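Notes to accompany the following structure.
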Amino acid sequence: MGGAVTLVLTHWFDPTADYVVSELNRRGAPVFRCDPGEFPQRLTITARLGTGDATTGWAGNLRLPERTVSLRDIGCIYYRRPTSFDLPAGMSEQVRRWSAVEARIGVGGVLSAMPRWLNHPANIGAAEYKPVQLSSARTCGLHVPATVVTNDPVEAIRFVTRVGSAVYKPFHPMGVTEQAVHRTVFTTPVSVADIDESVRLTAHLFQARIEKQYEVRLTVVDEAFFAARIETVGETAPADWRTDYDTLAYAPLAAVPTPVRNGVQALMNRLRLRFGALDFIVSPDGRWWFLEINPNGQWAWIEDATGLPIASAIADALTREDA
Amino acid sequence: MVAAEIPEPDDPLHPARGLFALGRPFGLLPVSEEVCDAVAMPFGLCHAVESTMVPIGDLSAYGYDAGRQIGVVHDGDRVVPLLRHTTGQTRTTTNPDGHEGADSDTDYRED
């Protein structure tokens, strides 16, 4: 391969990444797609650091049976849904753990040293901390609902009493799976009567409930903003639209208010992100309230529903030479 | 940017997010037969709801076009790009960061 190659790190089964790879293919832009999960059995890495030009980094290649890419040819890395290393069978548990750490720091380390990403996994990880998002968003001038993080039921009750109408939000939507039943936690309205000693068992986030006119999913790629209005079709509007995608209607928004645009751009810069999927509530007075930013969020369903050219924008971001 | 302290990995097979986070293929989550006692259930999980898991289906129908580097699916006698067979919207509980949990933007198939 020659020229700047886009390295796409993701599982082979990732239709969202397929949108971007297909766009890059259409443009004739070179792509090397691989999954760290293919290491070490299908994916081979060789990286050399010499004693010559101090301005150059690691040299070498990533090699799959069907194709090879020189590390020096990689322009930008698209971090999508990479999976864990597929270590050979027969390793003991301890050896497997040791090998996984070596692989993560070795392979992950060589790649992490590459200069151009969308987004760098370290920045993704740092930005996923919701308290960091909320305080950063406020610092950047965005409206953020009053929030408390606590494991003290007394403080939780004090907060809910003060704000009048509140919701509980999980920090991460991982849920639990017990006896083959998976349960997920969504944003949930709470009252003072709901709060009990079980708050003490871990950290909990409570937030003032914002009256909704509608909600917005704002997808940002570098300076490109794609806003989609989300409304619930039906009688009951859930506190969290993720509870039932089938009841949602989407429409592209022509414009994002300038203060919101400026605040979001500042937030993205602060969090060192080039891509973000942001959620807002627009209240009846027209104010945009920041809820969260997902630094590696899904976006393809928004493009499908609205025609917003997000895949094209991502392809632009991955192939621009000045990023 | 302030440099973050690097935490000890809690599970090397699925390393802590923020370092070089890796997920599980197809959103495979660990299964546990253990059920938590109600007295030990945190407030947040008391409000958890059962998720509607959308099955991936027969995986033998899916494949990967190494030439185009995209997923494909066998649709009768045809082989078509996978992206034409999904909405890009998923509703899963996959594990993009190596932890045992869902992506906040759920993808009906995975993630």
Side-chain angles (χ1 to χ4, degrees), chain A residues 11-16 18-19 21-22 25 31 33 36-37 66 81-84 96-97 100-101 104 108 112 121-122 124-126 128 168 170 172-186 188 195-196 198-199 201-202 204 242 245 272 277 294 296-298 300-301 303-304, chain B residues 1 4 9 12-15 17-26 29-36 40-51 53 62 64 66 68-71 81-83 86-91 93 96-107 109-111:
Chain A
H11 193 246
W12 67 265
F13 193 89
D14 183 359
T16 301
D18 291 349
Y19 278 66
V21 173
S22 294
N25 287 341
V31 177
R33 176 174 176 166
E66 61 271 19
R81 293 291 187 270
T83 64
S84 52
R96 183 171 293 273
R97 286 176 174 270
V101 172
R104 178 168 60 80
S112 292
I124 291 174
E128 284 184 333
Y168 159 76
H172 191 280
M174 60 184 288
V176 294
T177 304
E178 295 178 321
Q179 295 186 337
V181 176
H182 186 80
R183 293 180 295 125
T184 306
V185 188
F186 295 104
T188 306
I195 297 171
D196 59 24
S198 63
V199 170
L201 297 178
T202 191
H204 290 84
R242 294 167 187 76
Y245 284 83
R272 300 181 64 158
N294 188 330
N296 201 13
Q298 300 292 12
W301 99 95
E303 174 160 336
D304 273 350
Chain B
M1 184 177 79
L13 295 181
H14 301 286
R17 85 177 62 144
L19 299 178
F20 194 78
L22 302 171
R24 297 174 189 260
F26 301 111
L29 296 173
V31 176
S32 172
E33 290 302 309
E34 181 183 9
V35 176
C36 183
M41 187 71 72
F43 178 85
L45 280 178
C46 293
H47 297 274
V49 296
E50 190 171 329
S51 299
M53 300 293 288
Y62 299 103
Y64 183 70
R68 289 184 288 178
Q69 302 184 84
I70 60 172
L82 184 61
L83 64 88
T86 76
T87 64
Q89 176 181 5
T90 58
R91 185 75 175 266
T93 52
D97 63 358
H99 282 250
E100 302 161 1
D103 183 3
S104 59
D105 285 332
T106 47
D107 209 319
R109 151 202 55 70
E110 193 256 335
D111 260 12

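Since we're looking at a predicted model, the values are computed, not measured.
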- [ ] Return the set of residues passing side chain to side chain donor-acceptor pair (under 3.5 Å) with A/S198 (not counting sequence neighbours), or none when no residue passes.
- [x]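 Partners of A/S198 by the side chain to side chain donor-acceptor pair (under 3.5 Å) criterion, ordered by chain and then number, come out as A/D196.
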Open item on the list: Restricting to side chain to side chain donor-acceptor pair (under 3.5 Å), what partner residues turn up for B/E34, sequence neighbours left out?
Closed with: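 Here no residue qualifies.
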Open item on the list: Parallel, tilted or perpendicular: which one describes the rings of A/H204 and B/F43, with boundaries at 30° and 60°?
Closed with: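 Geometry flag for B/F43 against A/H204: perpendicular rings.
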Open item on the list: Check whether A/Q179 reaches the backbone of B/E33 with its side chain - one donor and one acceptor, N or O, closer than 3.5 Å.
Closed with: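 Confirmed, A/Q179 side chain pairs with B/E33 backbone.
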Can you tell me how far apart [atom1] ([X]) and [atom2] ([Y]) are? Round to the nearest 0.5 Å.
X	Y	atom1	atom2	result
A/R183	B/E50	CZ	CD	8.5 Å
A/Y19	B/L82	OH	CG	9.5 Å
A/T184	B/L45	OG1	CG	10.0 Å
A/R33	B/Y64	CZ	OH	4.5 Å

Open item on the list: Quick check on the interface: out of A/V185, A/D18, A/L201, who has the most heavy-atom pairs with chain B under 4.5 Å?
Closed with: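 The candidate making the most pairs under 4.5 Å is A/D18.
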If you compare all heavy atoms of [X] against all heavy atoms of [Y], which two are closest, and at what distance to 0.1 Å?
X	Y	value
B/C36	A/E178	N-OE2, 3.0 Å
A/V21	B/Q69	CG1-O, 3.4 Å
A/P15	B/L83	O-CB, 4.0 Å
A/P121	B/F20	CG-CD1, 3.8 Å

Open item on the list: Between A/P170 and chain B, with a heavy-atom cut-off of 4.5 Å, which part of the residue counts as in contact: side chain, backbone, both or neither?
Closed with: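 Looking at A/P170, nothing touches chain B.
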Task: Segment of A/V199 engaging chain B (4.5 angstrom heavy-atom cut-off) - done: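 When you check distances to chain B, atoms from both the backbone and side chain of A/V199 fall under 4.5 Å.
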